[in-house]
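Before any comments, here is the structure.
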Number of protein chains: 2
Amino acid sequence: MARTGRPREFDRDKALDAALTLFWELGYEPTSLNQLKACMGNISPASFYAAFGSKEALFREVVQHYLATYGQVMAPLWDETLSPRDAIEQTLRRSARMQTARTNPTGCLIVQGACNCSPENQPVQTLLAAERKRNRNGIKACVERAVTNGDLTKSAATDTLPALFTTFLHGIACEAKDGDRVKTLDAAITTLMHVWDSLAMKPGSASSSR
Amino acid sequence: MARTGRPREFDRDKALDAALTLFWELGYEPTSLNQLKACMGNISPASFYAAFGSKEALFREVVQHYLATYGQVMAPLWDETLSPRDAIEQTLRRSARMQTARTNPTGCLIVQGACNCSPENQPVQTLLAAERKRNRNGIKACVERAVTNGDLTKSAATDTLPALFTTFLHGIACEAKDGDRVKTLDAAITTLMHVWDSLAMKPGSASSSR
DNA sequence: GTATTTCTGGATTGATTAATATTGAAGTCT
DNA sequence: AGACTTCAATATTAATCAATCCAGAAATAC
């Protein structure tokens with residue numbers, strides 16, 4: 001699309017990737033523009049602001065990029081070809097694997113990217129909080145779908161499942177950043193899913209619908 | 001103990017309390033010395049450094065104060081008069097209640113107090129990481145005690161319990177900060193404890209030992 | 001070739017950061 | 001009373017923050 005004028009000398013996509021890594025490691029506020037410009041290929045302030053607008057605008061773009069790539073571990077939640085149980089299990093397992101992988105920073109940009117924020121950067125905090133709410137809603141929708149399906153019989157216990165799974169999901173970020181192994185988390189997920197299974201077989205209906 | 005010289009004009013304990021609240025709300029780095037001095041009674045820089053040494057020294061003192069008060073919700077983990085199951089359940093419930101109370105900031109200082117940190121403040125991050133490790137060890141010790149007691153029969157599943165409960169515990173901080181109600185979390189804890197109970201009754205022995 | 005457009009490099013902006021120095025007031029001890 | 005000790009207010013330190021400006025370089029359009 002670049003029509004006229006002098007072409008950019010650095011690779012915008014690579015710069016965005018580098019910024020993602022830095023934001024992921026340090027979080028929004030501690031990441032300084034100097035560090036960003038350095039890791040993005042020693043670009044000048046003018047180049048930076050021409051290409052990305054501002055630190056906050058860059059971060060928003062970084063979050064979108066994260067959601068479109070690493071964040072896709074959450075996709076099973078909205079994949080209705082999966083059973084609700086498999087959707088949640090896969091989401092947990094893929095999150096644990098992604099957040100502990102050695103190919104990227106540990107932990108979760110959405111949970112930890114703007115954890116310590118000055119009031120003036122509340123918009124950034126709000127942006128990530130909205131994504132976490134999306135996670136919550138996705139898990140809740142899965143549980144409700146299971147009730148509609150007949151996989152689960154609605155009860156006081158099924159009402160607690162969304163908070164249970166969401167709290168565990170978001171807790172993975174802390175454990176991953178603290179050095180937990182994927183094996184450890186995976187095993188915990190296996191045990192956690194027993195909660196679902198014991199609720200699924202408890203009431204009358206012999207076998208699940210799908 | 002104040003022997004001689006002009007006595008301090010501000011209340012050191014109240015100042016520490018105010019600093020705790022501010023650090024709890026914002027985290028370590030975004031909390032500026034100006035904000036601290038203001039909330040501590042408009043004290044001067046000289047007074048601040050004379051009384052507390054530095055920002056980091058103040059934070060360390062704040063963390064100790066937190067652990068000695070709010071952090072006592074974790075005490076059941078090391079209370080051997082409680083059954084291991086009750087110790088973990090009480091810890092979870094008291095954490096959820098404390099972190100959602102309207103009398104103090106939401107979330108957890110240990111989990112979220114230094115989440116976004118520049119490399120130069122790594123000592124602060126390390127301080128909190130060590131406390132989180134203490135939580136992990138406490139939960140693990142409870143599970144191991146249950147196995148020794150005979151409350152639980154050692155199996156692949158019991159090996160996963162420490163990570164399961166710890167991940168949930170640390171996840172509470174995120175959910176509390178995002179506005180979850182204590183009722184919601186409490187209900188989720190009830191369901192989570194079913195994991196323990198189903199493991200406890202599964203193997204042979206009819207009733208628990210104590 | 002000339003005009004136009006867009007990028008880059010370097011210098012600089014004002015605000016804010018944590019921390020220190022100086023100075024004088026306010027207290028205790030003998 | 002007078003020596004001594006500790007505090008607090010003001011001013012200031014150097015460093016860093018995100019962001020802007022300006023001049024020159026490099027490309028395209030006509």
Side-chain angles (χ1 to χ4, degrees), chain A residues 1-16 18-19 22-23 26-62 113-114 116-125 127, chain B residues 1-16 18-19 22-23 26-62 113-114 116-125 127:
Chain A
M1 245 317 207
R3 212 170 320 286
T4 178
R6 176 176 172 178
R8 189 177 289 129
E9 283 186 7
F10 64 94
D11 186 328
R12 198 181 188 280
D13 290 336
K14 283 192 175 154
L16 196 65
L22 201 54
F23 274 130
L26 300 181
Y28 180 70
E29 284 199 357
T31 303
S32 75
L33 267 173
N34 278 339
Q35 291 174 292
L36 284 168
K37 289 179 313 188
C39 84
M40 291 162 99
N42 280 314
I43 65 177
S44 70
S47 305
F48 175 87
Y49 283 98
F52 298 103
S54 72
K55 184 183 176 183
E56 179 177 334
L58 170 65
F59 186 73
R60 290 180 181 275
E61 209 170 321
V62 157
N116 302 142
C117 238
S118 310
E120 74 232 35
N121 287 318
Q122 203 188 336
V124 172
Q125 240 170 335
L127 171 73
Chain B
M1 251 303 214
R3 211 169 323 285
T4 176
R6 176 176 173 183
R8 212 194 316 270
E9 284 187 5
F10 64 95
D11 186 328
R12 197 180 188 283
D13 290 337
K14 283 192 176 157
L16 195 65
L22 201 54
F23 274 130
L26 300 180
Y28 179 71
E29 284 200 356
T31 302
S32 76
L33 253 125
N34 277 339
Q35 290 174 293
L36 285 169
K37 290 179 312 188
C39 84
M40 291 163 100
N42 279 316
I43 66 177
S44 70
S47 307
F48 175 86
Y49 283 98
F52 297 102
S54 71
K55 183 184 175 183
E56 180 177 332
L58 170 65
F59 186 74
R60 289 178 182 274
E61 209 169 321
V62 157
N116 300 144
C117 239
S118 311
E120 75 232 32
N121 287 318
Q122 203 188 336
V124 173
Q125 239 170 337
L127 171 73

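Chain naming here is simple, since letters A, B, ... match the order of the sequence lines and numbering starts at 1 in each.
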Examine distances only and state if a side-chain atom of [X] and a backbone atom of [Y] form a donor-acceptor pair shorter than 3.5 Å.
X      : Y      : value
B/S118 : B/N121 : no
B/T31  : B/G27  : yes
B/K55  : B/Y28  : yes
B/N116 : A/P30  : no

Round to a whole Å and report the spacing from [atom1] of [X] to [atom2] of [N].
X      : N      : atom1 : atom2 : result
B/E9   : C/dA26 : CD    : P     : 9 Å
B/E29  : C/dA18 : CD    : P     : 10 Å
B/R12  : D/dA8  : CZ    : C1'   : 16 Å
A/I43  : C/dG10 : CD1   : P     : 14 Å
A/N42  : C/dC7  : CG    : P     : 19 Å
B/F48  : D/dT10 : CZ    : P     : 18 Å
B/E120 : D/dT16 : CD    : C1'   : 10 Å
B/K37  : C/dT20 : NZ    : P     : 13 Å

Taking the minimum atom-to-atom distance to the side chain of [X], which one of [options] wins?
X     : options                : value
B/Y49 : C/dT8, C/dT17, C/dT20  : C/dT20
B/R8  : C/dA19, D/dA19, D/dA8  : D/dA8
B/K55 : D/dA19, C/dT8, C/dA19  : C/dA19
A/S54 : D/dA19, C/dT8, D/dA8   : D/dA19
B/P7  : C/dT17, D/dA19, C/dG27 : C/dG27

Do the side-chain N or O atoms of [X] get closer than 4.0 angstrom to the phosphate oxygens (OP1, OP2) of [N]?
X     : N      : result
A/S47 : C/dT8  : yes
A/N34 : D/dT16 : no
B/S44 : D/dA8  : no

Do A/E61 and A/R12 have side-chain heavy atoms sitting under 4.5 Å apart?
yes
Heavy-atom side-chain proximity of A/M40 to A/F10 below 4.5 angstrom
no
Counting any heavy atom closer than 4.0 Å, what does A/F10 reach on the DNA or RNA strands: base, sugar-phosphate only, or nothing?
sugar-phosphate
Sugar-phosphate, base or nothing in reach of A/S118, heavy atoms under 4.0 Å:
nothing
Considering residues at least two apart in sequence or located in another chain, which fulfil the side-chain hydrogen bond (donor to acceptor under 3.5 Å, both in side chains) criterion with A/D11?
none
Non-neighbouring partners of A/Y49 that pass ring-ring contact (aromatic ring centres under 6.0 Å, His included), sequence neighbours left out
none
Interface polar pairs with nucleotides 21-24 of chain C, N/O, under 3.5 angstrom:
none

